[in-house]
Novice: 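Could you have a look at this structure, given as structure tokens, before my questions?
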2 protein chains.
Amino acid sequence: MSSEPSRKLTIYDLAKLANTSPSTVSAVLNGTWQRRRISRKLAQHILDLAEREGYSTNMQARALRRDRSGILGMILPLYDNRYFSSIAQIFEAEARRRGIFTIVACTNRDPDQEREAARMMLAYRVEHLICTGATNPDAIADLCRAAGVASLNLDLPGTAAPSVISANREGARRLTDALLDRLEAQQIDATRVLFIGGRVEDHNTRERIEGFRQARESRGLATAPTDVVPCDYAAEKAQAALEAYVEREGRLPAAMFVNSTISLEGIVRWLRLGGHDMNEIIMGCFDWDPLAAAFHPRLIMMRQDVTTMIARLFEWIDTPPADPTQCLEVMPEIVGTPAPRC
Amino acid sequence: MSSEPSRKLTIYDLAKLANTSPSTVSAVLNGTWQRRRISRKLAQHILDLAEREGYSTNMQARALRRDRSGILGMILPLYDNRYFSSIAQIFEAEARRRGIFTIVACTNRDPDQEREAARMMLAYRVEHLICTGATNPDAIADLCRAAGVASLNLDLPGTAAPSVISANREGARRLTDALLDRLEAQQIDATRVLFIGGRVEDHNTRERIEGFRQARESRGLATAPTDVVPCDYAAEKAQAALEAYVEREGRLPAAMFVNSTISLEGIVRWLRLGGHDMNEIIMGCFDWDPLAAAFHPRLIMMRQDVTTMIARLFEWIDTPPADPTQCLEVMPEIVGTPAPRC
DNA sequence: GATGGGTGCGCAATCGGTTGTGCAACTATT
DNA sequence: AATAGTTGCACAACCGATTGCGCACCCATC
């Protein structure tokens, strides 16, 4: 309201305006005035003044003095799929609800960028660092420990900090079961089922492969090495891998376990380009995307329970787990599997 | 490397270790040592020491003293579509390239959340605030001006700060042209073409409607009020709106201009549920999604040129435009329109 | 009238950097 | 040998908040 202030207003300015001291203004503005026995009248006066003059606390100064920044940091591989983008959104919303500020950085699945981002966040003195889907979570946990900052892993587990992840093995087992149920309902031979996408270096992929194997085994089905193709996540890689499989086998797999929506993109493109109908093949995807669901209603998807994962995360932010290497698994939910009909 | 430091290392600690003064350490660590005529030998010694002890500059203290935080803020409606998520990613990448730190907040297309996020960012003393797709960009521009912080609009224009947006009208014209070309090639009557999705309060939607209208008019086609249904972006709204249209008209439109991928989701779902084939109807979408492209190769999409938009944005961050209300339009690109064949 | 307890507020140190200024010590010049 | 210029660094005052401590004043009590 007041005319263009050349410099930003400080508590010293307010103190002058209110004819009182900076320490009093500070106490009023940060809510400790009752404890410091400031009269309600003066407090109200200062609050009105601050409001009218458009005062805004300098968080840098506060953070410096308090030795607490009020900032939570998160590093993330990417924003561009529904899983990671909902992690970012829900994380931010929950932090906002608690009056905490968040900083999120994308690191493109690159260990160097992960380290660099972590270093920056530590320089800004984040109070916790959430390490999501990191290629090398332990390296970051070490950086954090050296800086005296608590860190937590999300999506991919580490050994140096507590982790919240999806129940990948059990989820994969259920997804595979759903695929096999479909095959059975349609009386199709369940031999040629392909697991495609992901990285073997990646804990989640390994667990999902194991779940896939177990689900098949418990129905007496063997899993050949050629049935499992962790060709990385990229759409092009998945596309090429599927092409190679079909060339070798001479025909499409009867069903496919696709390890992410990004791999799904390559698979679908290849099928389309080859003039295939989506319903020629039974598909499951370990990840969820509503657009994909709209285009292909018979696609079975595992939706990871991001809301619960973030909730658990915040519980650990509030009270660190007793065991600092604990790994908590959150069950994902299967979606898009209408009762199997012939 | 050194054993668990109970407190974080400061320049005072390093000064003691190196037997020199804090000001010297500071100069060395922030790169001004040559100007301050610190000997190369001492500088190197201090740098080695800092490296070995794992020193990290306290950015809060630096920001306080320098009165510059080194932070760029951005508010964003959502992360969960490819357009906005790529804005976040490219913005962050470009800022990182310049050694600038970024803070992004999602505000869910809610004016209150937008204001609150802007206030927080100003409290953290961001140096610029980028206001993306804001429902009320001018309110935020006002907050920023009062705080002496430069603000810029992205995606949706405002009148109180410079804006970078897509060339919505011309883009819509081209997309509509592509639809009409397809109709012509397939010798289908071009009367029943539906524009669906978006909000009339929204500048971009209004411009796109105008582009749609102009493209039709230049081919001698009239646009009836019922041909334009800005039913909001949500998938459910689009789904319901399409259903209403079909009920009224007694059949599907021959072609559709879908105003966003989120609306597309509802459209596709409704068509699928109704047992329609995607190729019964010619569709264009003003936004781009690779998964949608994979599922529906004949879908025509406008891909907004986020890279260029962000580049322009940073040019204005470097050197503010002469006219503070300037609005720059960046041409989007049409993708997925293979040469029309019968 | 001295003592005790509560009320209401200000003083000054502090957080960890940054930066204008000053001042020894040394080298070159006349 | 006196003067001038350079080199290399340290002093100390900030930036804007927070917070332990102290002090004046008022009222009640013995």
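Because the structure is predicted, anything quoted here is derived from the model rather than measured. Quick note on labels: first sequence line is chain A, next is B, and so on, each numbered from 1.
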Novice: With side chain to side chain contact (heavy atoms under 4.5 Å, CB included) as the test, pick out the partner of B:I46 among B:I11, B:L17, B:T20.
Specialist: B:T20
Novice: Give a yes or no on this: more than 12 heavy atoms of other residues, nucleotides or ligands lie within 6.0 Å of atom CZ of A:R98.
Specialist: yes
Novice: Would you give the length of the straight line joining atom CG of A:L122 to atom SG of A:C144, rounded to the nearest 0.5 angstrom?
Specialist: 5.0 Å
Novice: Within residues 30-40 of chain A, find the residues that approach DNA chain C with a heavy atom at under 4.0 Å, and present them sorted by residue number.
Specialist: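 Listed by number, they are A:R36, A:R37, A:I38, A:S39.
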Novice: Can you name the residues that form a ring pair (Phe, Tyr, Trp, His ring centres under 6.0 Å) with A:Y233, not counting sequence neighbours?
Specialist: none
Novice: Roughly how many Å is it from CG in A:L14 to C1' in D:dA17, rounded to a whole number?
Specialist: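 Computing the A:L14:CG to D:dA17:C1' distance gives 12 Å.
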Novice: Tell me every residue that passes ring pair (Phe, Tyr, Trp, His ring centres under 6.0 Å) with A:Y83, counting only those two or more places apart in sequence or in another chain.
Specialist: none
Novice: Between the two end axes of the helix from C:dG1-D:dC30 to C:dT30-D:dA1, each built from 5 base pairs, what angle do you get to the nearest 10°?
Specialist: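 Taking five pairs per end, the axes differ by 70°.
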Novice: Who are the side-chain contact (heavy atoms from CB on, under 4.5 Å) partners of B:S56, not counting sequence neighbours?
Specialist: A:A123, A:R125, B:K8
Novice: Contacts to DNA chain D from residues 57-65 of chain B, heavy-atom cutoff under 4.0 Å, which residues?
Specialist: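 When residues 57-65 of chain B is checked for heavy atoms under 4.0 Å from DNA chain D, the hits, listed by number, are B:L64, B:R65.
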Novice: Walk me through whether B:Y79 and A:F84 qualify under ring pair (Phe, Tyr, Trp, His ring centres under 6.0 Å).
Specialist: CA-CA 9 Å; B:Y79 287 122; A:F84 289 128; over 10 Å; no
Novice: With heavy-atom distances below 4.5 Å as the criterion, would you say the side chains of B:I103 and B:M74 are in contact?
Specialist: no
Novice: Could you state the NE2-C1' distance from B:H45 to D:dC9, rounded to the nearest angstrom?
Specialist: 16 Å
Novice: Would you compute the distance between atom CD of A:Q304 and atom CD1 of A:I87 and round it to the nearest 0.5 angstrom?
Specialist: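 That separation rounds to 7.0 Å.
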Novice: Under 4.0 Å, heavy atom to any atom of DNA chain C: which of residues 116-126 of chain A qualify?
Specialist: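 Contacting residues: none.
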Novice: Please work out if A:T10 contacts a base, only the sugar-phosphate, or nothing of the nucleic acid, heavy-atom cut-off 4.0 Å.
Specialist: sugar-phosphate
Novice: Please list all pairs meeting salt bridge (charged side-chain N to carboxylate O under 4.0 Å, His left out) that have one or both residues in residues 132-144 of chain A, counting only residues at least two apart or in different chains.
Specialist: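 Counting only pairs at least two positions apart or across chains, the salt bridge (charged side-chain N to carboxylate O under 4.0 Å, His left out) contacts touching residues 132-144 of chain A are A:D142-A:R145.
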Novice: Round to the nearest Å and state the distance from A:I11 atom CD1 to D:dC15 atom P.
Specialist: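 Taking atom P of D:dC15 as the reference, CD1 of A:I11 is at 12 Å.
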Novice: Looking across every strand, which nucleic acid part, if any, lies under 4.0 Å from A:L29 by heavy atom: base, sugar-phosphate, or nothing?
Specialist: nothing
Novice: Is it the case that the ring center of B:Y124 lies less than 6.0 angstrom away from the ring center of A:F101?
Specialist: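 Close enough - the centres of the two rings lie under 6.0 Å apart.
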Novice: My understanding is that only residues two or more places apart in sequence, or in another chain, count here; which of them pass side-chain contact (heavy atoms from CB on, under 4.5 Å) with A:N19?
Specialist: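 Scan of A:N19 (side-chain contact (heavy atoms from CB on, under 4.5 Å), adjacent residues dropped) gives none.
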Novice: Between the protein and nucleotides 24-27 of chain C, list every N/O to N/O distance that falls short of 3.5 Å.
Specialist:
none

Novice: How close or far is atom C1' of D:dC14 from atom CZ of B:R66, stated in whole angstroms?
Specialist: 15 Å
Novice: Sort out for me which residue in B:E114, B:R199, B:E201, B:R109 forms a side chain to side chain donor-acceptor pair (under 3.5 Å) with B:T135.
Specialist: B:E114
Novice: Got a donor-acceptor pair under 3.5 Å from the side chain of B:T24 to the base of D:dC9?
Specialist: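 Check fails, no donor-acceptor contact within cut-off.
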Novice: Between A:Y55 and B:N19, name the one whose nearest nucleotide on DNA chain D is closer to the 5' end.
Specialist: B:N19
Novice: Expressed as a whole number of angstroms, how long is the span from B:Y12:OH to D:dC11:C1'?
Specialist: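 About 11 Å, once rounded to whole Å.
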Novice: Using OP1 and OP2 only, check whether a side-chain N or O of B:S23 sits under 4.0 Å from D:dA10.
Specialist: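 Result: no.
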Novice: If the condition is side-chain contact (heavy atoms from CB on, under 4.5 Å), which residues does B:N204 pass it with, not counting sequence neighbours?
Specialist: B:D155, B:L156, B:P157, B:N168, B:D202, B:R208
Novice: Among all residues two or more places apart in sequence or in another chain, which pass the side-chain contact (heavy atoms from CB on, under 4.5 Å) test with A:D48?
Specialist: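 Expected list: A:Q44.
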Novice: Assess the residue pair A:S26 and A:S23 against the criterion (side chain to side chain donor-acceptor pair (under 3.5 Å)); give the C-alpha distance rounded to whole Å, side-chain angles, the decisive distance to 0.1 Å, and a yes or no.
Specialist: CA-CA 5 Å; A:S26 171; A:S23 58; over 6 Å; no
